[in-house]
Amino acid sequence: MIFLFTSIAVLHQGVLGLQPNQTSSKNITSQATPQGTSLGSNKTSTVPNATLATPAQTQTTPSPQPPSSSNGGAPMSSGSGSPNMTGFTNAANLTLKDKIFPIKYNITGGKLLGLVADNDKTTVVAVISPGGSGKMVLTIELPRNVIDSKGQGNTDIKFVVKIDNKGVDYKEVANNLNARILGIDFSKGDRVVEITGTQMTP
């Protein structure tokens, strides 16, 4: 399979804060990144052949944190039926089959540079730039009409989540009839988060 990492919009030069001796990840380049800005890691990662979407405009008014459940994934009330749950202050556009889907997210300890959709692998890829110190978490809302993970009897099953090609655990913060919210911890130096389900918008 041919992998292609397309343009990543980086608004401020040097946002990644990489060390001088770090090397770029496999097949991860930033050809359209402003001069002086680099995207790389000493870990090997691949990015699928898809269109990279830059994060949409960030809301200025903070919202409450996403509702959580004690068991990490108890169904939420679907309310009005809107796929957007409360508690998100950011959105990034995901382009899939010439359609644009706004994906809600929060990130602590870094920045989300963009989202990539790989329909063939039923995977959403998040390109991140860790920064600062303390706990680093990407909380992302996945609309079921974009990507989902289903088992026998149309029951929910776990997504497969990888960071720089290594499988990691995550928390399913909440879900309802329209969307599922994942909380994914990451570390300094991590760059590519892959979320793979069983079905994706054709």
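None of these values were measured; they are calculated from a predicted model.
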Undergrad: Starting at CG of Asn175, measure out to CD1 of Ile181 and round the result to the nearest 0.5 Å.
TA: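 Atom-to-atom, Asn175:CG and Ile181:CD1 are 8.5 Å apart.
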Undergrad: With clusters defined by side-chain heavy atoms of hydrophobic residues (ILVMFWY) lying less than 4.5 Å apart, directly or transitively, does Leu142 cluster with Val160?
TA: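 Result: no, two separate clusters.
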Undergrad: Are the side chain of Thr122 and the backbone N or O of Gly197 linked by a donor-acceptor pair below 3.5 Å?
TA: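 Present.
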Undergrad: Run Phe101 and Asn93 through side chain to side chain contact (heavy atoms under 4.5 Å, CB included) and show every step you take.
TA: CA-CA 6 Å; Phe101 298 89; Asn93 290 329; over 6 Å; no
Undergrad: Is a side-chain donor or acceptor of Asp190 paired with a backbone partner of Asp164 at a separation under 3.5 angstrom?
TA: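 Checking the backbone N and O of Asp164 against the side chain of Asp190, no donor-acceptor pair under 3.5 Å is found.
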Undergrad: For Ser187 versus Pro130, what's the shortest heavy-atom pair and its separation?
TA: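 That closest heavy-atom pairing would be O-CG, 3.5 Å.
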Undergrad: To the closest 0.5 Å, what do you measure between OG (Ser129) and NZ (Lys188)?
TA: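 Spacing of OG (Ser129) from NZ (Lys188) equals 11.0 Å.
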Undergrad: Side chains of Asp169 and Lys158: closer than 4.5 Å at any heavy-atom pair?
TA: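 Result yes, sub-4.5 Å side-chain heavy-atom pair found.
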Undergrad: Out of curiosity, Phe186 CZ to Ile128 CD1, how far, rounded to the nearest 0.5 Å?
TA: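 It comes to 4.5 Å.
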Undergrad: Can you name the closest pair of heavy atoms from Val146 and Leu94 and give their distance?
TA: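 What the structure gives for the nearest pair is CG1-CD2, 3.8 Å.
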Undergrad: Find out whether Asp185 and Lys135 are in side-chain contact, i.e. whether some heavy atom of one side chain is under 4.5 Å from a heavy atom of the other.
TA: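 With C-beta onward as the side chain, the pair touches.
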Undergrad: Do you know the tightest heavy-atom contact between Met136 and Gly131?
TA: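 The pair with the smallest heavy-atom distance is CE-O, 3.9 Å.
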Undergrad: Are the side chains of Ile147 and Gln199 in touch, meaning some heavy atoms are under 4.5 Å apart?
TA: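 Result no, sub-4.5 Å side-chain heavy-atom pair not found.
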Undergrad: Would you kindly confirm whether Leu115 and Val161 end up in one hydrophobic cluster when ILVMFWY residues are joined by side chain heavy atoms under 4.5 Å apart?
TA: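 Yes, Leu115 and Val161 fall within the same hydrophobic cluster.
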Undergrad: Mind checking whether Val137 and Ile107 sit in one hydrophobic cluster, side chains of I, L, V, M, F, W, Y counted as touching below 4.5 Å?
TA: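 No.
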Undergrad: Taking all heavy atoms of Leu182 and all of Phe159, pick out the closest pair and write down the distance.
TA: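 Closest approach of Leu182 to Phe159: CD1-CD1, 3.9 Å.
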Undergrad: How close do Ala179 and Glu141 get, heavy atom to heavy atom, and via which atoms?
TA: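 Shortest heavy-atom separation between Ala179 and Glu141 comes out as CB-CG, 3.8 Å.
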Undergrad: Treating Tyr170 as the side-chain partner and Ile195 as the backbone partner, does any N or O pair qualify as donor plus acceptor under 3.5 Å?
TA: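 A pair under 3.5 Å: no.
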Undergrad: Looking only at heavy atoms, which two atoms of Phe88 and Thr139 are closest? And how far apart?
TA: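 Heavy atoms of Phe88 and Thr139 come nearest at CE2-O, 3.8 Å.
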Undergrad: With rounding to the nearest 0.5 Å, note down the distance linking CG in Asn90 to CG in Leu112.
TA: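 Separation between the atoms: 8.5 Å.
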Undergrad: Does any part of the side chain of Val116, heavy atoms only, come nearer than 4.5 Å to the side chain of Val124, both counted from C-beta?
TA: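 No; the side chains remain at least 4.5 Å from each other.
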Undergrad: Taking it one step at a time, do Asn106 and Thr89 satisfy side-chain hydrogen bond (donor to acceptor under 3.5 Å, both in side chains)?
TA: CA-CA 6 Å; Asn106 287 334; Thr89 57; 3.0 Å; yes
Undergrad: Quick check: do Arg180 and Pro143 have side-chain heavy atoms less than 4.5 Å from each other?
TA: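 Arg180 vs Pro143: side chains apart.
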Undergrad: Once side chain to side chain donor-acceptor pair (under 3.5 Å) is applied, do any residues pair with Asp156, and if so which ones, sequence neighbours excluded?
TA: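 Asp156 satisfies side chain to side chain donor-acceptor pair (under 3.5 Å) with Arg144, Lys150 only.
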Undergrad: Suppose we screen for side chain to side chain donor-acceptor pair (under 3.5 Å). Which residues come up paired with Thr196, at least two apart in sequence or across chains?
TA: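 Residues passing side chain to side chain donor-acceptor pair (under 3.5 Å) with Thr196: Thr123.
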Undergrad: Is the closest side-chain heavy-atom distance between Ile163 and Ile184 below 4.5 Å?
TA: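 Counting from C-beta outward, Ile163 and Ile184 do come under 4.5 Å.
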Undergrad: Do Val192 and Val125 make a side-chain contact, defined as non-hydrogen atoms from C-beta onward lying under 4.5 Å apart?
TA: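 Touching, per the 4.5 Å side-chain cut-off.
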